[in-house]
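Everything below concerns the one structure shown next.
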Amino acid sequence: MSQSFKICFCFRRIFKLRALEPPEEVKVLFDRYSQNGIMSLDDLRGFLVEFQGEYSATREDAQAIFNSLKHLNIFSRRGLHLEAFFRYLLGDLNGPLSAGVHHDMTQPLAHYFMFTGHNSYLTGNQLSSDSSVEPIIKALLKGVRVIELDLWPGSKKDAVEVRHGGTLTNPVDLLVCLKAIKDNAFQASEYPVVITFEDHLPENLQAQVAEMVTKTFGDMLYRPETDQLQEFPSPESLKKKVMISTKPPKESKTSSKKEQWNSEAAASKSDIETSDKDEVDDGENLQEDEEEMTVPEYMHLISIHAGKPKGGLQNWLSIDEKTVRRLSLSEQELENATRRHGTDIVRFTQRNLLRVYPKGTRITSSNYNPFVGWAHGAQMVAFNMQGHAKHLWVMQGMFKANGGCGYVKKPEFLLSNEVFDPNRVLPVKKILKVTIYMGVGWDLDFRRTHFDMYSPPDFFVKVGIAGVPEDKDMKETKAIEDDWQPVWNQRFEFRLTVPELAVLRITVLEYDTSGQHDFGGQTCLPISELRTGIRAIPLHDRRGDKYRNTRLLVQFELN
């Protein structure tokens with residue numbers, strides 16, 4: 001089989017296309033685990049247990065693999081030929097991650113990282129894009145569990161709008177957003193959805209919000225028996241429930257609180273930078289009479305109380321044994337705070353929720369390094385989901401863990417009585433070995449001239465670690481010229497000090513002499529959930545959507 005590329009009016013270049021065949025390592029393995037060119041059910045189970053590390057694999061698991069191949073002409077009743085075995089290795093049943101929800105979901109919410117969005121209603125940049133329910137729906141369908149809505153009075157002051165205040169972004173009606181959340185909240189995951197309100201409303205409109213939320217969600221709405229929770233409930237107990245998190249009106253509608261905000265900013269200036277616009281607006285939207293401005297119906301909606309107490313950072317992080325709460329910090333505030341208060345932040349997040357959000361200058365909806373928050377136990381590392389870049393890919397990769405349910409149990413060292421110090425350099429704990437064998441599927445998912453007008457593509461792979469600073473690393477394979485089915489057979493080794501938080505980054509690029517390499521796919525995988533052995537790694541586009549056919553064949557060893 002061949003493929004031709006036009007060079008000019010008169011000439012064409014002809015390239016012979018190789019037949020797809022397994023790499024040498026796969027042939028050797030097949031010989032080891034088969035007899036006379038046939039791999040029986042028991043042979044396949046032996047391979048799964050001994051080589052793939054699937055120690056609980058049964059004959060039924062092996063039979064399921066057989067059944068998945070029965071429709072192919074290459075399948076034999078006596079067992080698998082090499083071609084069928086190779087097809088299984090490249091197939092969906094041989095993915096790189098543990099399947100299904102398997103973390104303990106009975107612990108308090110504070111014990112989990114939560115897939116969190118920022119300004120969830122925006123379709124693009126932070127200054128002039130439209131507000132819409134579409135990005136909210138897309139986020140929920142990808143497993144996002146925390147949705148943020150900014151609430152503002154409409155132009156006539158008699159309705160509630162969702163918009164990014166002080167910008168040119170167009171608004172969307174709050175009720176439309178609430179209905180979209182209700183309809184899509186539990187399509188991807190049955191675990192709770194938290195709606196964080198950034199509230200800029202007068203009392204009469206807060207009452208409207210209370211009525212809308214109550215009517216829209218009904219029994220789906222979680223209302224705690226007391227507003228003085230001593231411990232957050234568990235994700236298991238909150239299945240198919242919606243929770244509201246915001247600053248209680250009593251805390252955000254008094255002149256005394258406005259003075260508190262100003263003194264708070266002054267007191268903490270040496271510790272942190274001033275918050276971005278989201279937080280400043282909360283402070284400036286304060287009004288006069290504390291008692292009159294409390295709206296009981298609105299207060300009763302709130303199951304996760306947010307806010308900052310008086311004083312500087314140490315006061316914010318002080319542990320209140322009687323109640324739990326949510327604290328919000330900008331990425332800059334958090335980075336500055338970690339220099340002197342790292343263990344205090346970890347201790348705070350063992351019981352309370354910490355939300356980190358992008359700084360206000362990220363007008364293109366870019367994102368930041370999530371590991372600063374995760375290494376300090378921050379549950380809600382809020383990301384702009386509208387764009388695409390490596391930080392968002394890493395976020396999506398982290399939340400492929402635990403069956404993609406949107407909740408990932410925090411490592412035990414972040415919950416221990418012996419409080420973890422994120423600033424301490426730790427010894428190497430695990431060594432990950434990654435062998436990139438080959439890639440397939442680009443010829444099915446891309447048009448012939450997508451990468452190069454005059455020849456087949458020249459693919460190479462960048463593979464590395466995103467994690468704490470000591471674990472960050474990036475390596476790359478050689479480029480394979482003019483081949484839709486490149487074979488690299490290259491092995492890399494990564495030394496990990498905090499493997500529990502590390503994410504494996506894989507990006508395929510098409511080599512260009514200009515240095516502007518074309519994008520050929522990417523994926524990020526949580527190392528804590530990698531299945532060892534030879535695995536098929538589906539690749540995704542820039543936005544994180546999976547290609548239909550494009551994948552890599554990779555081996556993982558974790559020592």
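Side chains included, hydrogens not; waters and symmetry mates left out as well; all remaining heavy atoms used.
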Discussion item. Can a donor-acceptor pair be found, under 3.5 Å and without considering hydrogens, that links the side chain of H376 to the backbone of V372?
Written reply: yes
Worksheet item: To the nearest 0.5 Å, how far apart are CE in M299 and OG1 in T246?
Response: 11.0 Å
Item to complete: Go through the side-chain N and O atoms of H164 and D150 and say whether any donor and acceptor fall under 3.5 Å apart.
Response: no
Worksheet entry | Donor + acceptor pair across side chains of T214, R223 (<3.5 Å) | yes
Discussion item. Quick one about N119 and Q386 (side-chain donor to acceptor, distance below 3.5 Å, no hydrogens or angles considered), yes or no?
Written reply: no
Practice prompt. Answer whether the closest heavy-atom distance between the side chains of P202 and K157 falls below 4.5 Å.
Written response: no
Worksheet item: Salt bridge or not for K240 and E190, using N-O below 4.0 Å?
Response: no
Worksheet item: Is the backbone N or O of L414 less than 3.5 Å from a side-chain atom of Q350, with the two atoms forming a donor-acceptor pair by type?
Response: yes
Worksheet item: Can a salt bridge be assigned to the pair R551 and D92 using a cut-off of 4.0 Å between side-chain N and carboxylate O?
Response: yes
Worksheet entry | Heavy-atom donor-acceptor pair, S234 side chain to S237 backbone, under 3.5 Å | yes
Item to complete: Verify whether one side chain among T343 and D421 offers a donor that lies under 3.5 Å from an acceptor in the other.
Response: no
Fill in: Stepwise side chain to side chain donor-acceptor pair (under 3.5 Å) check, D445 with T550
CA-CA 7 Å; D445 289 334; T550 303; 2.8 Å; yes
Worksheet item: Do the rings of Y298 and F197 sit parallel, tilted or perpendicular, given the 30° and 60° boundaries?
Response: parallel
Worksheet entry | Main-chain N/O of A337 paired to R340 side chain as donor or acceptor, under 3.5 Å | no
Practice prompt. With the side chain counted from C-beta on, respond yes when F113 and F399 share a heavy-atom pair under 4.5 Å apart, and no when they do not.
Written response: yes
Worksheet item: Is there a donor-acceptor pair under 3.5 Å between the side chain of K410 and the backbone N or O of L415?
Response: no
Discussion item. In the structure I gave you, are the side-chain heavy atoms of L301 and E297 within less than 4.5 Å of one another anywhere?
Written reply: no
Worksheet item: Should the heavy atoms of other residues, nucleotides or ligands under 6.0 Å from CG of D219 be counted, would the total exceed 12?
Response: no
Discussion item. Under the criterion side-chain contact (heavy atoms from CB on, under 4.5 Å), I'd like the reasoning laid out for L354 against L334: C-alpha separation, chi angles, the key distance, then a yes or no.
Written reply: CA-CA 10 Å; L354 175 59; L334 177 68; 4.2 Å; yes
Worksheet item: Is there a donor-acceptor contact under 3.5 Å linking the side chains of R326 and S245?
Response: yes
Worksheet item: Does atom NZ of K138 have more than 12 heavy-atom neighbours from other groups under 6.0 Å away?
Response: no
Worksheet item: Quick one: do K429 and E500 make a salt bridge, cutoff under 4.0 Å?
Response: yes
Fill in: T523 vs K546, side chain to side chain donor-acceptor pair (under 3.5 Å): CA-CA, chis, key distance, verdict
CA-CA 9 Å; T523 194; K546 191 188 295 185; over 6 Å; no
Discussion item. Between D199 (side chain only) and L201 (backbone N and O only), is there a donor and an acceptor less than 3.5 Å apart?
Written reply: yes
Worksheet item: Are the side chain of S330 and the backbone of E333 linked by a donor-acceptor contact shorter than 3.5 Å?
Response: yes
Worksheet item: Any donor and acceptor pair, going by atom type alone, linking the side chain of T116 with main-chain N or O of A382 inside 3.5 Å?
Response: no
Discussion item. Tell me whether Q228 contacts the main-chain N or O of T323 through its side chain, where contact means a donor paired with an acceptor under 3.5 Å.
Written reply: no
Item to complete: For K215, look at atom NZ and say whether over 12 heavy atoms of other residues, nucleotides or ligands are found less than 6.0 Å away.
Response: no
Worksheet item: Does the side chain of D104 come under 3.5 Å of the side chain of Q107 through a donor N or O and an acceptor N or O?
Response: yes
Worksheet item: Quick one: are P96 and I537 in side-chain contact, heavy atoms under 4.5 Å?
Response: yes
Item to complete: Could you verify whether a donor N or O on one side chain and an acceptor N or O on the other, from E529 and H103, lie under 3.5 Å apart?
Response: yes
Worksheet entry | Interatomic spacing from OG in S366 to CZ in F383 - rounded to 0.5 Å | 9.5 Å
Worksheet item: Would you call R531-E54 a salt bridge at under 4.0 Å N-O?
Response: yes
Item to complete: Establish, from distance only, whether the side-chain atoms of H111 and Q379 form a donor-acceptor pair under 3.5 Å.
Response: no
Worksheet item: Distance only, no hydrogens: is a donor on one side chain within 3.5 Å (strictly under) of an acceptor on the other, for T497 and K430?
Response: no
Practice prompt. Report yes or no: do N352 and T349 form a side-chain donor-acceptor pair below 3.5 Å?
Written response: no
Worksheet item: Can R163 and D130 be counted as an ion pair, charged N to O under 4.0 angstrom?
Response: no
Item to complete: Assert yes or no for the condition that the ring centre distance of W393 to F519 is strictly below 6.0 Å.
Response: yes
Worksheet item: Would you say the ring centroid of Y407 lies under 6.0 angstrom from that of F115?
Response: no
Worksheet item: Taking I195 as the fixed residue, which of V213, I136, L221, I181 is the one that meets the side-chain contact (heavy atoms from CB on, under 4.5 Å) rule?
Response: I181
